[in-house]
Amino acid sequence: AVNLQTSVAGVALSSYLMNASGPKCTTAEELNIIGHSQAAAIVTKSCTFEARQGNPEPRYRDLPLGSIQSMGLPNLGYQAYLDMVPSLKAMGKPVVISISGFSIAENRTMVTAFQQSDADLLEVNFSCPNIPGKPQIAYDFEQTEAALSQLCQLGDKPIGIKLAPYFDMSHFESMAAIIKRYPVKFITCVNSIGNTLVIDPETESPVIKPKGGYGGLCGDYIKPIGLANVRAFRQLLGDDMGIIGVGGIKTGSDAFEYLLAGADAVQIATCFEKEGPSCFQRIEQELSDFMAKKGYQQLSDAKGKLKAL
Ligand SMILES: O=C1NC(=O)NC(C(=O)O)N1
């Protein structure tokens, strides 16, 4: 079999796949299921300073090729996840805490708290598109810079940022230049494509309620965007930056495409939401078979090796 072991920001992972912050990772029960699955790490739902109910329903809709959702960061509040860390760690795999404060001060408080916990990686979410009135930090370069200047030196646990998808080469370059100025140890590309609109022509209305129907687009639709973002940031940030790919992975060959683009590891969201925890073992097996057929023995044989046409 192919060796799928990898690491992100110096944290060893038994395999290339983990869950993405978002679906089915809010409660202790859900995180327990992930901990006992084949997923290589446990990634928590982005936590906020206070517990949140999230946006009004309907706020999630399955689509033929993915989903649209505007959950609005429903979560138990950061303290609940801080309290959970020991029991999550007891399941024997790295714990990745996703943090989504509504201000630099909130992020600073939460990052500081988790720096003193037994968590392994801190993934600061700069890209939730679903909080009414809150623009995505990742699309505001000055805000991103201000946040990184406050959040990267609060302890020795690796800090990473969850980025929105970018669609312009100049934005890749601007973000890479900012990231290089701070000790960001990994980036996770990409969050959903924000503020998309799915209309039901029968009801003549949007399919989700929050923000007049505007929500994050997920799944197959966004794989080409996730691949482009992973590839661009790998080329701009070099081999030492941890890069986690996410967006539309549901088969071993999807995961392999992210490897070619340069991902050190990948996260699964929509496929996990639809299929459940068996997806991790299935996709891992498919990736191993796919790579073995090509004669590869380990991830580094193909990582970042997308060929020019
Ligand atoms: O960062 C997020 N991205 C999304 O697409 N949705 C969730 C959410 O709305 O909670 N958060």
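Just follow the structure's listing: the first ligand is 1, and inside any ligand the first atom is 1.
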**Student:** Hey, does the side chain of T144 reach the backbone of D140 with a donor-acceptor pair shorter than 3.5 angstrom?
**Tutor:** yes

**Student:** Anything under 3.5 Å between a donor and an acceptor, one on a side chain of residues 201-219, the other on a protein residue two or more places apart or in another chain? List them.
**Tutor:**
{"unit_1": "T203", "atom_1": "OG1", "unit_2": "D200", "atom_2": "O", "d": "3.4"}
{"unit_1": "T203", "atom_1": "OG1", "unit_2": "S205", "atom_2": "N", "d": "3.4"}
{"unit_1": "T203", "atom_1": "OG1", "unit_2": "S205", "atom_2": "OG", "d": "2.8"}
{"unit_1": "K211", "atom_1": "NZ", "unit_2": "P129", "atom_2": "O", "d": "2.7"}
{"unit_1": "K211", "atom_1": "NZ", "unit_2": "N195", "atom_2": "OD1", "d": "2.5"}

**Student:** What are the atom names and distances for all N or O pairs under 3.5 Å between ligand 1 and the protein?
**Tutor:**
{"unit_1": "ligand 1", "atom_1": "1 (O)", "unit_2": "N125", "atom_2": "ND2", "d": "2.8"}
{"unit_1": "ligand 1", "atom_1": "1 (O)", "unit_2": "N191", "atom_2": "ND2", "d": "3.0"}
{"unit_1": "ligand 1", "atom_1": "3 (N)", "unit_2": "N191", "atom_2": "OD1", "d": "2.8"}
{"unit_1": "ligand 1", "atom_1": "5 (O)", "unit_2": "Q69", "atom_2": "NE2", "d": "2.6"}
{"unit_1": "ligand 1", "atom_1": "5 (O)", "unit_2": "S192", "atom_2": "OG", "d": "2.7"}
{"unit_1": "ligand 1", "atom_1": "6 (N)", "unit_2": "Q69", "atom_2": "OE1", "d": "2.9"}
{"unit_1": "ligand 1", "atom_1": "6 (N)", "unit_2": "Q69", "atom_2": "NE2", "d": "3.4"}
{"unit_1": "ligand 1", "atom_1": "6 (N)", "unit_2": "N130", "atom_2": "ND2", "d": "3.1"}
{"unit_1": "ligand 1", "atom_1": "9 (O)", "unit_2": "M71", "atom_2": "N", "d": "3.2"}
{"unit_1": "ligand 1", "atom_1": "9 (O)", "unit_2": "G72", "atom_2": "N", "d": "2.9"}
{"unit_1": "ligand 1", "atom_1": "9 (O)", "unit_2": "N130", "atom_2": "ND2", "d": "2.8"}
{"unit_1": "ligand 1", "atom_1": "10 (O)", "unit_2": "K45", "atom_2": "NZ", "d": "2.9"}
{"unit_1": "ligand 1", "atom_1": "10 (O)", "unit_2": "L73", "atom_2": "N", "d": "2.7"}

**Student:** Quick check on M91: does its CE atom have over 12 non-hydrogen neighbours (other residues, nucleotides or ligands) under 6.0 Å away?
**Tutor:** yes

**Student:** Sequence neighbours excluded and cut-off under 3.5 Å, please list the side-chain donor-acceptor pairs for residues 151-165, or say none.
**Tutor:**
{"unit_1": "K157", "atom_1": "NZ", "unit_2": "S117", "atom_2": "O", "d": "2.9"}
{"unit_1": "K157", "atom_1": "NZ", "unit_2": "A119", "atom_2": "O", "d": "2.9"}

**Student:** Can you list everything that forms a side chain to side chain donor-acceptor pair (under 3.5 Å) with D83? Sequence neighbours excluded, please.
**Tutor:** Q79

**Student:** Run the salt-bridge test on E275 and R282 with the 4.0 Å N-O cut-off and return the result as yes or no.
**Tutor:** yes

